[in-house]
Amino acid sequence: MTPTPIPTPNPTVLAVIPARGGSKGVPAKNLAQVGGIPLVARAVRACLAAREVTDVVVTTDDAAIADAARAAGDALGAAERVHCVQRPQAIAGDTATSEAAVLHALDAYEAMHERTADVVLLVQCTSPFVTREDIDGVAAAVARDGADTAVTVAPFHGFIWRDGSAVEDDTYGVNHDKAVRPRRQDRPQDLLETGAAYAMDVAGFRTHRHRFFGHTALITTDPARVLEIDDPHDLARARALAPLLDPSPLPAREDIDAVVLDFDGTQTDDRVLIDSDGREIVAVHRGDGLGIAALRKAGLDLLILSTEQNPVVAARAHKLKVPVLHGIDRKDLALKQWCDEHGIAPERVLYVGNDVNDLPCFALAGWPVAVASAHDSVRAAARAVTTTPGGFGAIREIAAWLLGPTLTSHLPTPTDSTTK
């Protein structure tokens, strides 16, 4: 009988996230946003949230992916735990294995820190709904429970078929006899490998150079969260599911230093009334004005950013006592410059928009927010979506996210009035 290994008291658990720049199925896949967050950043966040993980290494051949990974660490105050390793071209092509990337990252980390890791994890960006519980599960199975390797799996009840007509002149069941149709409760429980997270004992991994060897622990996860992004349809499905599966999607005051607002379609209902002299008139919501006043009083930096060169935008900004940049062609460049000038980290900015010209700012801001009436592509790229349409109090709703539903302590005191 093989003795159970004695766990290391304080094991070093290294989470490796492979994230190549090239992708044939989805261009720039690992930077694609789900729930308003790049896939590589989602993986970094999940790993940093796991209690068992000591450090995170992102192995990539793409500078933009490395920047997104570092930004994710910075936003969580854990920059020192996120390391980026330049992946050599020899193991960056379509035929390169994940194991090769993990071994290279492991060597680089150990050389950098002059210490040996006890357990190494492989966490895939392409599984956007991997949780910290999944990661802790596979890590603890190896680091504390004596398994050699571990993998996330999900209960699976489907009947799998294979077309064997080219070889055997028939089709057949892989996990069942097609002549027998047992009830679900009478069948053995099949488990589907999710592709999200794996753990390996480092010494064994170096010997076998494969993610599976020795005793493999199976860590069961929620089948509703199983999704691997390989093509644009998978990405669209992930974006649709994000509002349902992502925990706590709404920002809090401590997450935000600045709120930047689009105007048309965000503070208005996107309609314009034109009088006989060609002057434009728009409708705004008083509740939005109250919300903006509360945000200003709470100490948040505010900005209205619009492509429209229209006096009504400037007039509304003046009334709200909010700085305005309008008639802007490249809103993302203007936003970046404004952040630089005010010493504000873009990942601490909540940007509210409604149409496709807001998408570049969504990619820059840490909290891209779409109003309920936004274009579908904008809603898909948002990290949070209001329940209220633009022009009907959406900004007041966002202020309530940050400051509490009543806003009572942040609203300006009304001026007393008298009647004669």
Side-chain angles (χ1 to χ4, degrees), residues 31-38 41 239-240 242-243 246 249-251 255-272 282-285 287-289 291-292 295 300-310 312-314 316-317 320 322-339 342 344-402:
L31 289 173
Q33 295 194 355
V34 170
I37 305 172
R239 286 171 169 170
D246 282 349
L250 302 182
D255 301 319
I256 305 299
D257 291 332
V259 175
V260 179
L261 307 168
D262 177 38
F263 188 73
D264 288 320
T266 300
Q267 298 181 61
T268 77
D269 62 4
D270 221 12
R271 296 184 303 163
V272 178
V282 298
V284 295
H285 196 276
D288 285 346
I292 289 170
L295 293 171
L300 286 157
D301 284 296
L302 298 173
L303 175 69
I304 293 174
L305 185 58
S306 175
T307 56
E308 291 291 326
Q309 182 67 55
N310 193 322
V312 73
V313 181
R316 180 61 175 166
L320 294 171
V322 174
V324 61
L325 296 173
H326 61 126
I328 302 295
D329 291 329
R330 287 287 305 273
K331 295 170 75 173
D332 56 331
L333 297 182
L335 177 58
K336 178 67 166 62
Q337 182 176 345
W338 182 79
C339 287
H342 289 76
I344 298 169
E347 59 267 22
R348 301 276 302 171
V349 171
L350 186 151
Y351 180 92
V352 190
N354 77 301
D355 216 330
V356 292
N357 61 353
D358 294 308
L359 290 174
C361 290
F362 271 35
L364 180 64
W367 273 97
V369 174
V371 295
S373 50
H375 188 275
D376 287 348
S377 63
V378 178
R379 290 168 56 88
R383 191 169 173 184
V385 180
T386 66
T387 60
T388 312
F392 290 88
I395 309 305
R396 172 65 183 264
E397 180 182 339
I398 293 167
W401 296 350
L402 300 178

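Hydrogens, waters and symmetry mates play no part in the numbers below; they use all other heavy atoms, side chains included. Starting from 1, each residue takes its place in the sequence as its number. None of these values were measured; they are calculated from a predicted model.
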*Asks:* With side chains defined as the heavy atoms from C-beta onward, is the minimum distance between Asp270 and Ser373 less than 4.5 Å?
*Replies:*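 No; the side chains remain at least 4.5 Å from each other.
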*Asks:* Under the side-chain contact (heavy atoms from CB on, under 4.5 Å) test, which residues partner His285, sequence neighbours left out?
*Replies:*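 With neighbours one apart ignored, the set is Asp288.
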*Asks:* Write down the atom of Ala242, the atom of Val34, and the distance for their closest heavy-atom approach.
*Replies:*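 Scanning both residues, the minimum pair turns out to be CB-CG1, 3.9 Å.
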*Asks:* Minimum heavy-atom separation for Ala382 and Val385, please, with both atom names.
*Replies:*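 Closest heavy-atom pair between Ala382 and Val385: CB-CG2, 4.1 Å.
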*Asks:* Hey, what do you get for CG (Leu261) to CG (Leu303), rounding to the nearest 0.5 Å?
*Replies:*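 Here the rounded value is 8.0 Å.
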*Asks:* Just verifying a value: how many Å separate Leu350 CG and Leu402 CG, rounded to the nearest 0.5 Å?
*Replies:*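 Leu350 atom CG to Leu402 atom CG measures 6.0 Å (nearest 0.5 Å).
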*Asks:* With a 3.5 Å distance limit and no angle check, can you tell me whether Arg383 reaches the backbone of Ile37 through a side-chain donor-acceptor pair?
*Replies:*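 No; judged by distance alone, with no hydrogens or angles, the pair does not exist.
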*Asks:* Within the 4.5 Å heavy-atom criterion, are Tyr351 and Leu305 side-chain neighbours or not?
*Replies:*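 They are in side-chain contact.
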*Asks:* Would you check, one step at a time, whether the test side chain to side chain contact (heavy atoms under 4.5 Å, CB included) holds for Val259 with Trp367?
*Replies:* CA-CA 9 Å; Val259 175; Trp367 273 97; over 6 Å; no
*Asks:* Which pairs, with at least one residue in residues 366-382 and sequence neighbours excluded, count as a salt bridge (charged side-chain N to carboxylate O under 4.0 Å, His left out)?
*Replies:*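 Those involving residues 366-382 do not exist here.
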*Asks:* Partners of Asp264 by salt bridge (charged side-chain N to carboxylate O under 4.0 Å, His left out), sequence neighbours excluded?
*Replies:*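 Once residues adjacent in sequence are excluded, Asp264 has no partner under the salt bridge (charged side-chain N to carboxylate O under 4.0 Å, His left out) criterion.
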*Asks:* Sequence neighbours excluded, which residues qualify as side-chain contact (heavy atoms from CB on, under 4.5 Å) partners of Val312?
*Replies:*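 By the side-chain contact (heavy atoms from CB on, under 4.5 Å) rule, Val312 matches Phe263, Val282, Asn310.
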*Asks:* Supply the atom-to-atom distance Leu295 CG to Ile292 CD1, rounded to the nearest 0.5 angstrom.
*Replies:*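 Rounded to the nearest 0.5 Å, the CG-CD1 separation comes out at 7.5 Å.
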*Asks:* Measuring from atom CG of Leu300 to atom CG of Asp257, what distance do you get when rounded to the nearest 0.5 angstrom?
*Replies:*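 Atom-to-atom, Leu300:CG and Asp257:CG are 7.5 Å apart.
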*Asks:* Heavy atoms only: give me the nearest Gly353-Phe362 pair and the separation to one decimal.
*Replies:*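 The pair with the smallest heavy-atom distance is N-CE1, 4.0 Å.
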*Asks:* Return the minimal non-hydrogen interatomic distance between Lys336 and Leu364, and the atom names on each side.
*Replies:*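 In terms of heavy atoms, the two residues are closest at N-CD2, 3.8 Å.
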*Asks:* Measuring from atom CG of Asn357 to atom CG of Asp262, what distance do you get when rounded to the nearest 0.5 angstrom?
*Replies:*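 Atom-to-atom, Asn357:CG and Asp262:CG are 6.5 Å apart.
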*Asks:* For Cys361 and Val260, run side chain to side chain contact (heavy atoms under 4.5 Å, CB included): C-alpha distance rounded to whole Å, both residues' side-chain angles, the deciding distance at 0.1 Å, then the answer.
*Replies:* CA-CA 10 Å; Cys361 290; Val260 179; over 6 Å; no
*Asks:* Where do Ile344 and Ala258 come nearest, in terms of heavy atoms and distance?
*Replies:*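 The pair with the smallest heavy-atom distance is CD1-CB, 3.9 Å.
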*Asks:* If we check side-chain contact (heavy atoms from CB on, under 4.5 Å) with Asn354, which of these qualifies: Val371, Thr268, Val369?
*Replies:*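 Output: one option passes, namely Val371.
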*Asks:* Between Ser377 and Val356, is any pair of side-chain heavy atoms under 4.5 Å apart?
*Replies:*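 In short, these two side chains touch, coming nearer than 4.5 Å.
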*Asks:* Who pairs with Glu397 by side-chain contact (heavy atoms from CB on, under 4.5 Å), at least two apart in sequence or on another chain?
*Replies:*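 Scan of Glu397 (side-chain contact (heavy atoms from CB on, under 4.5 Å), adjacent residues dropped) gives Thr386, Thr387, Thr388, Trp401.
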*Asks:* Suppose the criterion is salt bridge (charged side-chain N to carboxylate O under 4.0 Å, His left out): which pairs have a residue in residues 352-373, not counting sequence neighbours?
*Replies:*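 Counting only pairs at least two positions apart or across chains, the salt bridge (charged side-chain N to carboxylate O under 4.0 Å, His left out) contacts touching residues 352-373 are Lys331-Asp358.
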*Asks:* What's the shortest heavy-atom distance between Arg239 and Gln33, and which atoms?
*Replies:*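 Reported closest heavy-atom pair: NE-O, 2.6 Å.
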